[in-house]
Asks: 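So that we are looking at the same thing, I have put the structure below in structure tokens.
If you read the sequence from its start, that first residue is 1, and numbering goes on from there. Because only heavy atoms are used, hydrogens play no part in the values below, and waters and symmetry mates are left out as well, while side chains stay in.
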Amino acid sequence: MHNTSKRGQRVEQTKENIAAIAGGLFSEKGVANVGMDDIAKAAGYSRTTLYAHFPGKDDIMHYIVHQTMSETLALSRKV
């Protein structure tokens with residue numbers, strides 16, 4: 001279920017931005033070598049904002065995997 005309110009859209013966009021930056025850092029440096037502070041700084045968000053959206057790195061990884069799986073499923077349905 002997606003929240004279509006402006007606030008809901010903003011929240012989802014922030015999560016996507018954080019996940020995209022984190023994914024790049026994970027690929028570049030390895031998950032173990034990237035901290036939440038690194039992600040917040042690279043994404044341009046405060047630590048408070050980062051933790052409001054993702055309690056930890058595992059949560060970011062789960063979000064990335066879920067988004068990737070959802071996109072893959074959507075593409076496979078188009079074929």
Asks: How close do I21 and I39 get, counting heavy atoms only, and between which atoms?
Replies: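 Here I21 and I39 meet closest at CG2-O, 4.2 Å.
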Asks: Should Y51 and F26 be regarded as members of a common hydrophobic cluster, given that ILVMFWY residues are connected when their side-chain heavy atoms come within less than 4.5 Å of each other, either directly or indirectly?
Replies: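 Hydrophobic grouping puts Y51 with F26.
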Asks: Roughly how far apart are M36 CE and D59 CG, rounded to 0.5 Å?
Replies: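 Reported to 0.5 Å precision, the distance equals 7.5 Å.
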Asks: Rounded to the nearest 0.5 Å, what's the gap from NE2 on H66 to CD on E71? Could you check?
Replies: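 Output value for this atom pair is 10.5 Å.
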Asks: Looking at K41, I want to see if its NZ is surrounded by more than 12 non-hydrogen atoms of other residues, nucleotides or ligands under 6.0 Å.
Replies: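 Open: at most 12 neighbouring heavy atoms sit under 6.0 Å from NZ of K41.
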Asks: Rounded to the nearest 0.5 Å, what separation is found between the OG1 atom of T72 and the CD atom of Q67?
Replies: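 Result: 11.0 Å between the selected atoms.
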Asks: I need the Y63 OH to E16 CD distance, nearest 0.5 Å.
Replies: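 Between Y63 OH and E16 CD, I get 4.5 Å after rounding to 0.5 Å.
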Asks: Over all heavy atoms of both residues, which pair between V11 and H53 is shortest? Give the atoms and the distance, please.
Replies: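 Smallest heavy-atom distance, with atoms named: CG1-CE1, 3.7 Å.
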Asks: Testing the basics here: between D38 and G35, what is the closest heavy-atom pair and its distance to 0.1 Å?
Replies: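 Distance-wise, the nearest heavy atoms are OD2-N, 2.7 Å.
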Asks: Calculate, to the nearest 0.5 Å, the distance between atoms CD1 and CD belonging to I18 and Q13 respectively.
Replies: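 That separation rounds to 10.5 Å.
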Asks: How many angstroms lie between atom OH of Y45 and atom CG of L50, to the nearest 0.5 angstrom?
Replies: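 Here the rounded value is 10.0 Å.
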Asks: Looking only at non-hydrogen atoms, find the nearest pair between I60 and A22 and report the distance.
Replies: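 Result for this residue pair: CG2-CB, 3.6 Å.
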